[in-house]
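Note that this is a predicted model, so its numbers are computed, not measured. Here is how names work: the chains are called A, B, and so on, in the same order as the sequence lines, proteins then strands, and each is numbered from 1.
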Number of protein chains: 2
Amino acid sequence: MTIGMQVDQRVSLAVSTVIFALRPHPSTGLMTLWLPLVRRIREPYEGQWALPGGPLEANEDLAASARHTLERTTGLTPNYLEQLYAFGSLDRSPDDRVVSIVYWALVQPDEVARAVDGENVEWFVADELPPLAFDHSEIVTYALARLRAKITYTPIAYGFLPPEFTLAELRAVHEAVLRTSLDPANFRRQALASDTLVATGTYLQGTSFRPPALFRFTAGAPTPLPEERR
Amino acid sequence: MTIGMQVDQRVSLAVSTVIFALRPHPSTGLMTLWLPLVRRIREPYEGQWALPGGPLEANEDLAASARHTLERTTGLTPNYLEQLYAFGSLDRSPDDRVVSIVYWALVQPDEVARAVDGENVEWFVADELPPLAFDHSEIVTYALARLRAKITYTPIAYGFLPPEFTLAELRAVHEAVLRTSLDPANFRRQALASDTLVATGTYLQGTSFRPPALFRFTAGAPTPLPEERR
DNA sequence: TCAAAAGTGTTGAATGTACACCCATGC
DNA sequence: GCATGGGTGTACATTCAACACTTTTGA
C-alpha cells in the first residue's frame, strides 16, 4: 500500500479575515456587499485570489491578528469583528496542513480604502467572486450566510454606518445586505422598538424634502467572546 | 525594561470538548446537565479539573479530534457535535502559548458511560462546577449559553434522546436544559408544527395511564460547517 | 403648489400563552 | 370509579405585514 505514506508534519495555524464593505454595484448601481481579496504570489494556487490573512504570530491575539491583516490590506480599522469558524480539514491545502481561524469584519470604505487598494489587493462584489484558492469560496459563502442571518436579529448594521445616521440609511444597509426591499414604516417601528437606537435630537439638513431625524446606536459594540467579548 | 523579554515560542494547537449529558441531580433528583472533567496530572494547574482534550494530531480533522477525545474519556459516541469557538488569548496558559479549538457534544449516558468513568475522569453538574484550570470555566459558561440558546430554535434535543421518544420525554429534555417548566399543550403544538418530528405510529406501553405516541426526528442531523456541515 | 421622502395610523393574519376540558389507560 | 398524564379546544394578547394617509421640506 502506498496510501497514507505521507510524512507527518506539524500543523500550522493561520488567521484569515472576510472583510465586508458596502459600495454601489458596478452595473446596477445598487448598494452591494464587497470584499477585498489578495492575489497569491506563490504556490499553491499562485495567481489565484484568496482571503487576506497570515500565520498567527506567537505574541498576537487571534482577533489582533485579524485586525492587523485588515490594517495591512485595506488600511482600515473594523467597526465590527467577530470570529467566524476554525477550518481544519486535512485536504485544505495540497501539501501542508493548515488550520485557519477565520474572522469576519465590517468596515466603512472611506477614501483611505481606495488608496491602500491596488498592488495585489482588489475588491470584488461578494456574490460574484471568481474561483478562490483553497476552500476560501466555501468560507466566504459561510461568512455571507452568517452576516445575512445576524443582521436580522442584532444591530450589526452599525458596522457599515457612521456614528450618526438616518433611518433611511439604516434601512438601506439592511436592504443591501439582504438584497430585498423593506417597508419603511414597519422597518422604522421595528428599529425603534429594538431599543438599540437613540434619536440625537438633530436633523439631517440639505435634503430636498422633509429633514429626517438622526440616530445613534446605544450600546458600544455587541461582539463575541473573550478577546472580543460576547 | 524587563517586560516583553519572554522568548517567542511556537503556538501549539489543541482541541477540547465540552460534553453534555442529562442525569438526575444528586439532591433534587431533577434531570440536569452534567459534564465530564479530567483531573490534570501535571503542571500547570496540576490536580485541578479541566476539559477533556489534547493536542491536534497532524492527520486528524478538528471534529475527529473532538470525537477521539470523547471516546477516550467517556467511551461514548456523540449524538451531536459542533464547533464552539477558538480560544487564543495570550495569557490562557501561564508558560506556553496554546490555541484551543473547542467543540461541544451531546451524548446519552448509557451504562457504558459509567464503566469508563473513574480514573481521572469525573462527571459534574454543569451549573455547579469547581474552579477549573486555564480559562475552562469561561468556556463552559459559553458552551452552556450556546446550548440553551440553540435548543430553543433547533432540534438538538435529539442529542439527548433515543431514536424513538414521547413528547413528554422531549419536553423533559427542554425543561432540564432550560431549567423551566413548559406548558405540555403548547410545547406539543410547537414541536409538531416545527416539522422535525414524525409519529412512528406506535405507542409506548406499560404506563399506568394513557399510552403516549412515539416519535422520531425527521432530518438526519443538522450540524455545522465543513467537517460537520452546516 | 407639487414632488418626495418622513413619519403615523389602522387593519387583518399569524403566532404565542394561559388554561379549561376531554381521553385512555392501570389500579 | 378514580387518579394520572396524553391530547384537543379556545380565547386572549402580542407580534408582524400591508398599505392608506398625513407631515414637512425644497424647488
Side-chain angles (χ1 to χ4, degrees), chain A residues 22 24 29-31 148-155 157 161-162 164-217, chain B residues 22 24 29-31 148-155 157 161-162 164-217:
Chain A
L22 289 177
L30 295 170
M31 270 302 204
R148 290 187 167 129
K150 198 148 187 177
I151 202 173
T152 65
Y153 62 87
T154 46
L161 290 168
E164 300 199 353
F165 52 87
T166 68
L167 281 171
E169 289 168 334
L170 177 61
R171 179 164 48 86
V173 168
H174 282 249
E175 291 179 332
V177 170
L178 298 172
R179 295 181 296 182
T180 30
S181 62
L182 299 167
D183 183 300
N186 294 332
F187 180 84
R188 175 192 190 77
R189 267 184 294 256
Q190 287 169 214
L192 295 177
S194 74
D195 238 40
T196 53
L197 302 179
V198 218
T200 61
T202 56
Y203 294 82
L204 182 65
Q205 300 300 337
T207 59
S208 79
F209 47 83
R210 176 173 174 175
L214 286 169
F215 292 84
R216 193 191 298 276
F217 278 100
Chain B
L22 289 178
L30 295 171
M31 272 302 206
R148 290 188 166 128
K150 199 148 186 176
I151 203 173
T152 65
Y153 61 88
T154 46
L161 290 168
E164 300 199 354
F165 51 87
T166 68
L167 281 171
E169 290 168 334
L170 178 61
R171 179 164 48 86
V173 168
H174 282 250
E175 291 179 332
V177 170
L178 299 173
R179 295 182 295 182
T180 29
S181 61
L182 299 168
D183 184 298
N186 295 330
F187 180 84
R188 175 190 191 78
R189 268 185 294 254
Q190 286 170 215
L192 294 177
S194 75
D195 237 39
T196 53
L197 302 179
V198 217
T200 61
T202 55
Y203 294 81
L204 182 64
Q205 299 300 335
T207 57
S208 77
F209 45 82
R210 177 173 173 177
L214 286 169
F215 292 84
R216 193 191 296 279
F217 278 101

Rounded to whole angstrom units, what separation is found between the CG atom of B:Asp183 and the C1' atom of D:dG7?
12 Å
Between A:Ser208 and A:Ala185, whichever has its closest DNA chain C nucleotide further toward 5' is A:Ser208
Take the protein atom CG of A:Leu182 and the nucleotide atom P of C:dA6, then report the distance between them rounded to whole Å.
14 Å
Side chain proximity check, A:Phe165 to A:Leu214, heavy atoms < 4.5 angstrom:
no
For A:Phe187 and C:dT8, what is the distance between atoms CZ and C1' respectively, to the nearest whole Å?
17 Å
Side-chain donor/acceptor of B:Arg189 to base of D:dG9, under 3.5 Å:
yes
With heavy-atom distances below 4.5 Å as the criterion, would you say the side chains of A:Phe215 and A:Val198 are in contact?
no
Please state how far atom CG in A:Asn186 lies from atom C1' in C:dT11, giving the value in whole angstrom units.
12 Å
Where the side chain of A:Tyr203 is defined as all heavy atoms beyond and including C-beta, which of C:dT25, C:dA6, C:dG7 is the nearest nucleotide?
C:dG7
In whole Å, what is the span from the CZ atom of B:Arg188 to the P atom of D:dT10?
16 Å
How far apart are the closest heavy atoms of B:Arg188 and B:Leu167, and which atoms are they?
NH1-CD1, 3.1 Å
Note: A:Ile151 and A:Arg148 closest approach over all heavy atoms is CG2-O, 3.6 Å
Choosing from C:dT25, C:dC19, D:dG6, which nucleotide comes nearest the side chain of B:Ala168?
D:dG6
Can you identify which nucleotide, out of D:dG26, C:dA6, D:dG6, has its nearest atom closest to the A:Pro212 side chain?
C:dA6
If I take atom CG in residue A:Leu204 and atom P in nucleotide C:dA4, what distance separates them, rounded to the nearest angstrom?
19 Å
In whole Å, what is the span from the CD atom of B:Gln205 to the P atom of C:dT25?
8 Å
What one should report as the nearest heavy-atom pair of A:Tyr203 and A:Pro211 is CD2-O, 3.6 Å
Roughly how many Å is it from CG in B:Asp195 to C1' in C:dT15, rounded to a whole number?
16 Å
Measuring from the side chain of A:Phe209 (C-beta onward, heavy atoms only), which nucleotide among C:dG7, D:dC19, C:dA4 has the closest atom?
C:dA4
OP1 or OP2 of D:dA17 less than 4.0 angstrom from a side-chain nitrogen or oxygen of A:Gln190, does that happen here?
yes
For the side chain of B:Ala213, starting at C-beta, report the closest nucleotide among D:dG7, D:dT25, D:dG6.
D:dG7
The side chain of B:Arg210 lies closest to which of these nucleotides: D:dA18, D:dG5, C:dA6?
D:dG5
With a non-hydrogen cut-off below 4.0 angstrom, is A:Thr166 in contact with a base, only sugar-phosphate, or nothing?
nothing
